[in-house]
Amino acid sequence: MKSLRLAVWLLITSSLLAACGGGGDARSPDRPGLSIDPSTMQLEFVDGITTLPGTGNNRISVRMMALQSDGINKNVGPAQNITSRVNWTLTNTPLAALSSDEDGDLSFRTVTRNGIGTVIDIESTQQMEIDAAVVSASITGTFQGTSRVGDFTIVPPTPSGAEQLVGKDLILLDPTIPGDSETNGYRLLQYFTNTSVPENRTHTVVICSSSEFATVEAGQPVSPGDGVVDVTYTNPFTPDGDNTAVEVTLFAVDGDSNAACDGASSDGVRELKVTLRPATFSSVDICAVINPASDACSAGGAFNEDYVADCRGLDTDSIFVPAAQNLQFVAKKTYNSSVDTTQTINEYVCGEEGRNAWSVNDDIIFDSDPAIDPVEGTATTVDRVAYEKIVELTPNPRAVVTGNFGNGVPELQDSLTVRLVDARVDDIVIERTDGLNPAKDTVYVNSFIDGIEYRALCRFADLDPAGSQYEVCPNGLIRWASDAPTVAAPTAEATPVVVLDPKTGVQLPNDPFDFKLSVTYIGSDEEISASRDVQATDPGELQALRLFMVPDNSRPEKEEIDAFACVGRADLVESISNDENFVKSGQQFEVYAVFENIPGSGAPNLDDPRATDSGLVYVTNENEIQFSAESGFWSGTWATPASCQTAYGEGGLPDITGDTGGIIVTSPAASFDPEQKGRLKSDGLLRLSTVCVTAFAEKSSIPNLSAELSQQEGDIVTSADGSTILVLPAADDTLLTFSNDLCETLEPVLTLGGDWPGIEGPGIILPVIYGVSLVADPLLASLIANDDGGLIPAQEIVQALLYGDFTGFSDDAPNLGFGLATITEGLLEGVGDVPGLGALVDFLDACVLSTPLDIIGNLLESILSFDISGWDDIDFSFQDCTALFEGV
């Protein structure tokens with residue numbers, strides 16, 4: 001319809017002009033059409049990724065974007081993807097090649113998400129050794145005699161932990177629709193310490209399911225490459241059932257050993273817990289993001305909720321959108337909980353299972369073909385020249401976009417009227433994407449610390465009459481610059497989001513060194529610019545890494561070094577009031593660094609690392625920083641050096657299978673989420689175990705390391721602090737209440753003996769809790785393995801944990817004779833005529849020093865054959881305390 005209208009308009013105008021003698025301004029029909037202006041070309045690395053893992057089967061992607069001109073109108077957006085029209089070559093790449101087909105011709109690929117479009121892939125061709133040197137290379141794109149060059153590196157693949165099975169882990173199914181189902185894709189990924197690009201290893205395994213409600217597609221292993229395995233979830237819920245949530249375990253087994261999953265079982269590592277939850281799909285609201293970020297939508301159609309605030313239209317039926325912009329339409333799906341009718345669950349999606357969900361009534365304002373992608377929900381508005389032509393014929397051009405996510409059900413759709421306005425910008429600002437806004441930003445040269453990420457926001461003159469609304473600036477129509485590029489420079493020139501990248505090998509004229517980052521919008525009649533003050537400083541040698549955690553949900557802004565916290569299952573039912581919610585579904589950790597030249601680093605502020613004078617530098621998000629979680633507990637200064645204490649050492653785990661019915665759990669009860677760095681999450685439906693958490697960096701990745709750290713044994717630098725996390729079996733209100741009470745009781749008990757100068761450590765009782773968990777954790781795992789309907793015997797679990805009697809679970813399960821209640825009661829109240837430890841600690845320090853050895857010796861060694869030889873060199877001569885826990 002758009003082309004017909006324009007053709008009619010042009011025909012009428014052309015006739016009038018011919019009668020009057022011909023041409024005119026830029027809108028005259030005898031003016032040449034728009035064409036690519038090679039001087040505006042921009043080479044972009046997709047997602048900003050310039051490090052290629054040398055795995056032999058990985059890739060990074062680039063594209064070429066350019067603006068148009070008709071000889072009068074210049075810099076006409078939106079930016080056009082001309083990747084397939086460009087001649088591409090690589091330089092200095094013995095370990096990589098451009099993607100090609102069987103005939104040796106370049107093979108281009110289309111990325112549908114977020115309007116990325118056509119790309120060319122740089123593929124790793126050889127497996128690099130872990131200790132190999134980084135290779136610097138470049139890619140050149142040439143179009144009509146004009147070239148652009150992009151630099152990238154090929155890095156040795158240094159694994160970060162074990163492989164991770166990743167994909168959607170919460171599935172909402174409607175009990176009122178027996179045939180309700182949902183299909184999602186899953187991949188086995190290996191993450192690395194020195195690049196954000198994981199290796200897809202899905203083609204090496206077969207993904208299996210523990211439940212009849214999760215059917216895995218046939219034809220595994222999948223082909224190498226993008227490798228995704230679809231899993232279809234069918235509805236276990238009924239309108240008249242109790243509809244308890246169902247947990248499904250997806251797990252990977254080696255593809256060359258068991259192609260059909262026959263008799264397969266999880267190794268406890270390459271697995272993902274997926275929760276099926278009953279919920280009734282009730283309504284849809286749609287919105288649109290102007291110039292979406294590269295990670296706005298996942299390949300599976302999920303919307304990144306970090307950008308919900310940028311999505312226009314959730315609170316209105318009509319929005320204005322400027323010409324020459326890319327759009328991403330998003331649906332907010334609302335579900336009513338079938339368990340608690342007062343609860344609603346929101347899910348934001350860009351698309352759904354490959355279905356045609358998006359449509360538009362008129363394509364007049366859109367330049368994309370089709371006007372809106374029916375599956376992906378992407379669109380592009382017409383350029384400024386076309387806009388000027390349209391408004392002369394249609395003063396208020398608009399289109400109605402509809403999103404239907406009820407598979408054709410009219411009630412489950414929503415419409416949004418999109419009104420087109422001019423792309424003229426009257427203001428531009430530079431914003432940090434991390435939300436921080438200091439008077440002057442600081443970047444660190446000659447270090448492993450990356451730069452600061454910024455985005456450019458434009459205020460379109462006709463978009464918001466109040467002048468308060470800013471949108472992400474359009475790709476291609478902005479220009480970034482640093483007035484000290486040898487010190488720090490933006491990673492791209494024309495993209496709305498860039499990183500101000502500090503350089504290495506820099507000699508600053510003074511420290512700190514002040515300079516400016518600027519951005520200019522070139523898409524209006526007149527250019528408009530903004531700048532931001534930045535300072536560069538050389539932090540000097542890395543002295544130490546410090547580990548902090550956010551202690552609870554009520555103080556999310558507060559971080560502190562803490563030796564202990566509790567977490568529960570991943571889908572924790574949080575119906576306890578917030579002030580009693582001590583057990584969370586996850587625990588966030590943060591890492592800060594101590595450097596030689598940072599003011600205050602001599603005595604860093606460990607109480608408030610975010611204070612401006614703390615002497616600490618935030619480094620959690622750096623690729624070089626990694627987290628570790630293993631079964632055990634943090635020793636503090638009880639061990640030299642401080643480290644995680646675990647039964648899974650050189651001697652292995654003592655044989656306790658007779659006490660656990662033959663079941664043993666070797667995987668930690670919690671692990672770090674690959675999708676949210678620093679977030680520790682519980683693994684499994686019911687777990688009781690302690691997990692030791694540390695942070696570390698590889699020495700080879702730190703360019704400037706202190707002599708003390710360089711001389712430490714091993715290849716890594718570990719954090720000076722560690723924490724112990726107690727994973728508790730919190731599932732429903734009964735278990736959650738018990739877990740909260742236990743966690744609240746244990747925290748002060750566990751700190752007894754943990755804060756004496758020179759012996760800071762896990763406290764007195766934590767090693768015993770770990771010992772109890774070696775028996776309790778596999779028993780709880782066996783409960784879930786044999787469960788026939790998702791019902792959890794909450795009261796039996798509570799009693800077993802409190803008093804150590806697990807015989808109610810199975811005939812083979814032991815009665816330990818003591819449990820968590822017995823131990824804590826003995827500590828707090830005393831045993832027999834012996835006063836409680838709380839009354840003793842004020843005057844008998846010796847008890848605090850001696851008791852850990854006695855408890856571990858009397859309980860762990862006798863029950864679990866736990867090896868405590870590493871602690872026998874701690875010499876305490878006080879004998880009066882040894883009777884305190886004898887016979888406990």
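For reference, positions follow the sequence shown, starting with 1. Note that these values count all heavy atoms, side chains included, but never hydrogens, waters or copies made by symmetry.
Scanning both residues, Asn92 and Ala137, for their nearest heavy atoms gives O-CB, 3.3 Å. Nearest approach of Pro157 to Pro159, heavy atoms of both residues: O-CD, 3.2 Å. Ile154 approaches Ala96 most closely through the heavy-atom pair CD1-CB, 3.9 Å. Residue Glu527 comes nearest to Ile522 through the heavy atom pair OE2-CG2, 3.7 Å, listed as atom of the first residue, atom of the second, then distance. Nearest heavy atoms, Asn475 versus Ala494: OD1-O, 3.4 Å.
For the pair Arg148 and Glu493, the salt-bridge criterion is not met [side-chain N within less than 4.0 Å of a carboxylate O]. Salt bridge present: Glu471 and Arg312 bring a charged side-chain N and a carboxylate O closer than 4.0 Å.
Under the 4.5 Å side-chain criterion, counting only non-hydrogen atoms from C-beta, Phe329 is not in contact with Asp373. Considering only heavy atoms from C-beta on, Asn623 stays 4.5 Å or farther from Phe448 through its side chain.
Val46 pairs with exactly one of Val119, Val111, Val62 by the side-chain contact (heavy atoms from CB on, under 4.5 Å) rule, that one being Val119. The only option from Val519, Val429, Ile428 that meets the side-chain contact (heavy atoms from CB on, under 4.5 Å) definition with Leu457 turns out to be Val429. Checked options Val229, Ile207, Val205; the residue passing with Leu165 is Ile207 (criterion: side-chain contact (heavy atoms from CB on, under 4.5 Å)).
Between the side chain of Thr380 and the backbone N or O of Asn326 there is no donor-acceptor pair closer than 3.5 Å.
Shown here are the salt bridge (Lys or Arg N to Asp or Glu O under 4.0 Å) partners of Asp310, two or more places apart in sequence or in another chain: Arg455.
Taking the six-membered ring for Trp and thresholds of 30 and 60 degrees, Phe405 and Trp358 have ring planes more than 60 degrees apart, a perpendicular arrangement.
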side-chain contact (heavy atoms from CB on, under 4.5 Å), that's the test. Do Phe460 and Val425 meet it? Break it down for me. CA-CA 4 Å; Phe460 292 92; Val425 166; 3.6 Å; yes

